Q: 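The structure follows.
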Amino acid sequence: MTETTATKTSRRAVVLLSGGLDSMVTAARALEDGFEVHALSVDYGQRHRRELKAAAAIAERLELASHTKIALDLRAFGGSALTDAIDVPKDGVGDTIPVTYVPARNLVFLSLTTACAEATGANDIFIGVNALDYSGYPDCRPEFIASFAETARLGTKSGSEGAPFRIHAPLQHMTKADIAKECARLELDPAWSWSCYDPAPDGRACGLCDSCRLRKKGFAEAGITDSTRYAA
């Protein structure tokens, strides 16, 4: 991070940038809203590490103010198909929380983003969670985001001094088709981002995991071409 003791400004924000479509659109929305955008990406030992390269490319192409990358290896805990020796499901999106759920991931990541924001001098945090066309993860729900905002207020110096953090989730109530349309409106190339949980050996997105299916469905419903290369 290039600035760690900056004076607080209401126009500085930190975005949690995974490298996925939703986080890319969220970062672009924050820029459009007039924020000086700093990005945070987490290498948590995810099997789809390709998303970290996408995050770096997005930060560069959007000319974000800074891009901080930290390592927090959640493989030590396991418990998810993304961090453990568990097969990624390829049979479609179901009605239960899938094994691709990483225990408390967004709780951990928002805590890190809040720490980054406080050190950077930002009161605004952006996260690209979505609660409509998604895999049913509990840490994507609006009530979780609202609850975390209160936790951040209570547990930080900024919050105790009357400058609580604002948690922005601009895609919260959008469908994947809506997000695909936003991607096009903002003139972003979908291929800059990476959504696949289980990349094919040749480097293409698998096209069959929950994340690929939801992404493809969204672009198809929006009538917009997804420039991503899929194996299936």
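This is a predicted model, so every value here is computed, not measured.
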Q: Salt-bridge test for E36 and R12: reply yes if a basic N is under 4.0 Å from a carboxylate O, no otherwise.
A: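 R12 and E36: salt-bridged.
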Q: Find the distance between CZ (R105) and CG (L74) and round it off to the nearest 0.5 Å.
A: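 These two atoms lie 9.0 Å from each other.
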Q: As a test of understanding, state which of K69, R75, R49 forms a salt bridge (Lys or Arg N to Asp or Glu O under 4.0 Å) with D43.
A: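 Exactly one option meets the salt bridge (Lys or Arg N to Asp or Glu O under 4.0 Å) with D43, and it is R49.
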Q: State which residue, out of V14, T151, I125, fulfils the side-chain contact (heavy atoms from CB on, under 4.5 Å) condition with F165.
A: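 Only one option passes, and that is I125.
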Q: For the atom pair CG (D198) and CG (D210), what is the distance rounded to the nearest 0.5 Å?
A: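 Rounded to the nearest 0.5 Å, the CG-CG separation comes out at 11.5 Å.
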Q: Step through the shown structure and confirm whether more than 12 heavy atoms of other residues, nucleotides or ligands are within 6.0 Å of CD on E143.
A: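 Check passes, neighbour count above 12.
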Q: Which pair of non-hydrogen atoms, one from V25 and one from E182, has the smallest distance, and what is that distance?
A: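 It is CG1-CB, 3.9 Å.
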Q: Where is the tightest heavy-atom contact between I167 and A149, given as atom of each residue plus distance?
A: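 Looking at all heavy atoms of both residues, the shortest contact is CG1-CB, 3.7 Å.
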Q: Can you name the nearest heavy-atom pair linking K181 to I224, along with the distance?
A: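 Heavy atoms of K181 and I224 come nearest at CA-CD1, 3.7 Å.
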Q: Tell me the closest heavy-atom pair linking A152 and T114, and the distance in Å.
A: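 Where A152 meets T114 most closely, the heavy atoms are CB-CG2, 4.1 Å.
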Q: Please report the shortest heavy-atom distance between C206 and C196, naming the atom on each side.
A: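 Of all heavy-atom pairs spanning C206 and C196, the closest is N-SG, 3.1 Å.
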Q: Could you give the side-chain donor-acceptor pairs of residues 54-65 under 3.5 Å, partners two or more places apart or in another chain?
A:
none

Q: For the pair D226 (side chain) and T228 (backbone), establish whether a donor and an acceptor sit closer than 3.5 Å, ignoring hydrogens and angles.
A: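 Answer holds: yes.
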Q: Scan I70, L17, L52 and name whichever one has a side-chain contact (heavy atoms from CB on, under 4.5 Å) with V42.
A: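 Among I70, L17, L52, the one that satisfies the side-chain contact (heavy atoms from CB on, under 4.5 Å) with V42 is I70.
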Q: Taking the six-membered ring for Trp, are Y44 and H48 parallel (under 30°), tilted (30 to 60°) or perpendicular (over 60°)?
A: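 Correct class here is perpendicular.
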Q: To the closest 0.5 Å, what do you measure between CG (D189) and OG (S227)?
A: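 Interatomic distance, D189 CG to S227 OG, rounded to 0.5 Å: 3.5 Å.
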Q: To the nearest 0.5 Å, what is the distance between CG (N106) and OG (S111)?
A: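 Atom-to-atom, N106:CG and S111:OG are 10.5 Å apart.
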Q: Is it the case that H38 and T68 place a side-chain donor and acceptor less than 3.5 Å from each other?
A: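 No pair is found: no donor N or O on one side chain lies under 3.5 Å from an acceptor on the other.
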Q: So for atom CG, which belongs to D202, do other residues, nucleotides or ligands contribute more than 12 heavy atoms lying within a distance under 6.0 Å?
A: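 Result for CG/D202: enclosed.
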Q: Do side-chain atoms of S211 reach the backbone of S195 as a donor and acceptor pair under 3.5 angstrom?
A: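 Yes.
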Q: Look at the aromatic rings of Y137 and Y101 and report parallel, tilted or perpendicular, splitting at 30° and 60°.
A: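 Tilted, since the angle between the ring planes falls between 30° and 60°.
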Q: Kindly give the heavy-atom pair with the smallest separation between C183 and M24, and that separation in Å.
A: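 For C183 and M24, the tightest heavy-atom pair comes out as SG-CE, 4.0 Å.
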Q: Please tell me whether I179 and V93 are part of a single hydrophobic cluster in this structure, the criterion being side-chain heavy atoms less than 4.5 Å apart.
A: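 In one cluster: no.
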Q: Taking N130 for its side chain and L171 for its backbone only, find out whether a donor-acceptor pair lies under 3.5 Å.
A: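 A pair under 3.5 Å: yes.
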Q: Does a donor on one side chain sit under 3.5 Å from an acceptor on the other, for S193 and R215?
A: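 Their side chains do contain a donor-acceptor pair, which is all the 3.5 Å distance test asks for.
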Q: Taking the side chain as every heavy atom from C-beta outward, state whether V102 and F109 have any pair of such atoms under 4.5 Å apart.
A: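 A side-chain contact under 4.5 Å is absent here.
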Q: For the atom pair OG (S160) and CG (L154), what is the distance rounded to the nearest 0.5 Å?
A: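 Here the interatomic distance stands at 9.5 Å.
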Q: Tell me every residue that passes salt bridge (Lys or Arg N to Asp or Glu O under 4.0 Å) with R153, counting only those two or more places apart in sequence or in another chain.
A: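 Applying salt bridge (Lys or Arg N to Asp or Glu O under 4.0 Å) to R153 gives E150.
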Q: With rounding to the nearest 0.5 angstrom, report the CZ to CG distance, F126 to D33.
A: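 So the CZ of F126 and the CG of D33 are separated by 5.0 Å.
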